[in-house]
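What follows is one structure encoded as structure tokens, with my remarks underneath.
Counting starts at 1 for both ligands and their atoms, following the listed order.
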Amino acid sequence: MLIAGNWKLFKGPREAREFCGALAAAVDTSGIEVAVCPPFVSLAAALEGVRGSAVQVFAQSVHWAETGAFTGEVSAAMLAEVGVAGAIVGHSERRQYFGETDETVARRSEAALAAGLRVIACVGETLAERDGSRVEEVLRRQTAAIADAVGPHANLVVAYEPVWAIGTGRTASPEQAQEAHAIIRDILDVPILYGGSVKAENAPVLLAQPDVDGALVGGAALEVTSFAGICAAARAVA
Ligand code: PEP
């Protein structure tokens, strides 16, 4: 069971260090894995904050090239040198606002895994796709792109994040999450996280689904109390 907090564009280095120190003191990681995913500039500070604890630090993206003319990007080797454990790849906000495609998600995943990083690769349908009964088609296409590139790699985790549930307060029902996770697992048998408005209150029922192996958390990961509450819910079902 992995609980990962995606901070998005929140928390500079000072706040990251303080938050991670407080989180490390507040969270019980026995039986589960806990990770935070700060912005690039806050990775080193977050690593200082979690030092001595089992809390891991992941980046929010990673480029496929080792070096080159790719302004604004960061390579897997650079992340490994800083000491992070892994990276999120293909978050829907990156697909939506920064032109991420199934192909670039596959290339980023491949490079990160080859460099020894762990990868949380994100998939999920939009509301229009769900309303158009295209959930299975979309999940199969997005997951197959990752599977074709890297297969069921030991360092790969997939996150099912229905786009309509991210930052909206709308959560997939436990049945919707389970159904989607089963489709993904049919193609790629790796741990599968659920993401989309997960909170301490709804975490127990979501995490209790047989094919839900953890959570990718946005808004509720920005406060120690709420994030630690989700981690406690994970421990209860782990
Ligand atoms: C996310 O950013 O991956 C996410 C699921 O956000 P939220 O929990 O705020 O919906």
Side-chain angles (χ1 to χ4, degrees), residues 1-11 15-16 19 23 27 33-40 42-43 46 56-62 84-98 100 105 108-109 112 118-127 129-130 135 138-139 142-143 146 156-174 176-178 180-181 184 190-207 209 211-234:
M1 190 74 69
L2 167 64
I3 306 297
N6 172 20
W7 293 2
K8 313 191 188 200
L9 189 48
F10 292 97
K11 301 192 193 297
E15 205 183 335
F19 180 96
L23 178 68
V27 79
E33 289 189 293
V34 176
V36 294
C37 312
F40 287 130
S42 302
L43 289 171
Q56 301 175 37
V57 178
F58 278 48
Q60 294 177 16
S61 186
V62 54
V84 306
I88 300 173
V89 171
H91 190 278
S92 65
E93 286 152 15
R94 298 221 40 99
R95 292 180 188 255
Q96 199 176 344
Y97 305 129
F98 302 102
E100 205 78 75
V105 171
R108 290 179 199 274
S109 299
R118 297 177 71 189
V119 166
I120 301 174
C122 302
V123 300
E125 81 286 357
T126 63
L127 188 57
E129 288 163 343
R130 177 163 283 272
V135 175
V138 170
L139 293 182
Q142 293 179 341
T143 309
I146 300 161
L156 177 64
V157 172
V158 170
Y160 168 59
E161 297 210 304
V163 179
W164 48 272
I166 297 179
T168 60
R170 285 184 66 184
T171 315
S173 69
Q176 286 171 325
Q178 169 56 29
H181 284 223
I184 294 165
V190 296
I192 305 169
L193 313 183
Y194 170 77
S197 300
V198 175
K199 302 189 170 29
E201 298 74 37
N202 59 26
V205 65
L206 287 161
L207 294 173
Q209 298 306 305
D211 283 302
V212 176
D213 304 310
L216 182 54
V217 184
L222 295 174
E223 301 291 335
V224 169
T225 316
S226 51
F227 192 56
I230 296 169
C231 295

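In terms of protein heavy-atom proximity, atom 3 (O) of ligand 1 is nearest to Glu161 OE2, 2.7 Å. Ranking the protein heavy atoms by distance from atom 2 (O) of ligand 1 puts Lys8 CE, 2.7 Å first.
At least one donor-acceptor pair under 3.5 Å links the side chain of Ser197 to the backbone N or O of Ala165. Put simply, the side chain of Arg95 gets close to the backbone of Cys122: a donor and an acceptor are under 3.5 Å apart. Remark: the backbone N or O of Gly124 is paired with a side-chain donor or acceptor of Gln142 at under 3.5 angstrom.
Listed by atom number, the atoms of ligand 1 under 4.0 Å from Gly196 heavy atoms are 5 (C), 10 (O). Set against the non-hydrogen atoms of Gly167, the atoms of ligand 1 under 4.0 Å away are 7 (P), 9 (O), 10 (O).
Close N/O approach between Gly218 and ligand 1 is found [any backbone or side-chain N/O within under 3.5 Å]. Remark: ligand 1 and Gly219 share an N or O pair separated by less than 3.5 Å (distance only, no angle test).
A heavy-atom separation below 4.0 Å is found between Ser197 and ligand 1. Look at His91 and you'll find a heavy atom under 4.0 Å from some atom of ligand 1. Proximity of Ala165 to ligand 1 is established by a heavy-atom distance of less than 4.0 Å.
Of the listed residues (Ile3, Val217, Val157, Val212), just one forms a side-chain contact (heavy atoms from CB on, under 4.5 Å) with Leu193, and that residue is Val157. Of the options Gln176, His181, Glu125, a side-chain hydrogen bond (donor to acceptor under 3.5 Å, both in side chains) to Tyr160 is made by Glu125 and by none of the others.
Contacts between Ile166 and ligand 1, counted as non-hydrogen atom pairs separated by less than 4.0 Å, involve both the backbone and the side chain.
Of the inter-residue distances, the one linking Leu222 atom CG with Phe19 atom CZ reads 7.0 Å to the nearest 0.5 angstrom.
Taking every heavy atom of both residues into account, Ala221 and Trp7 meet most closely at O-NE1, 3.8 Å.
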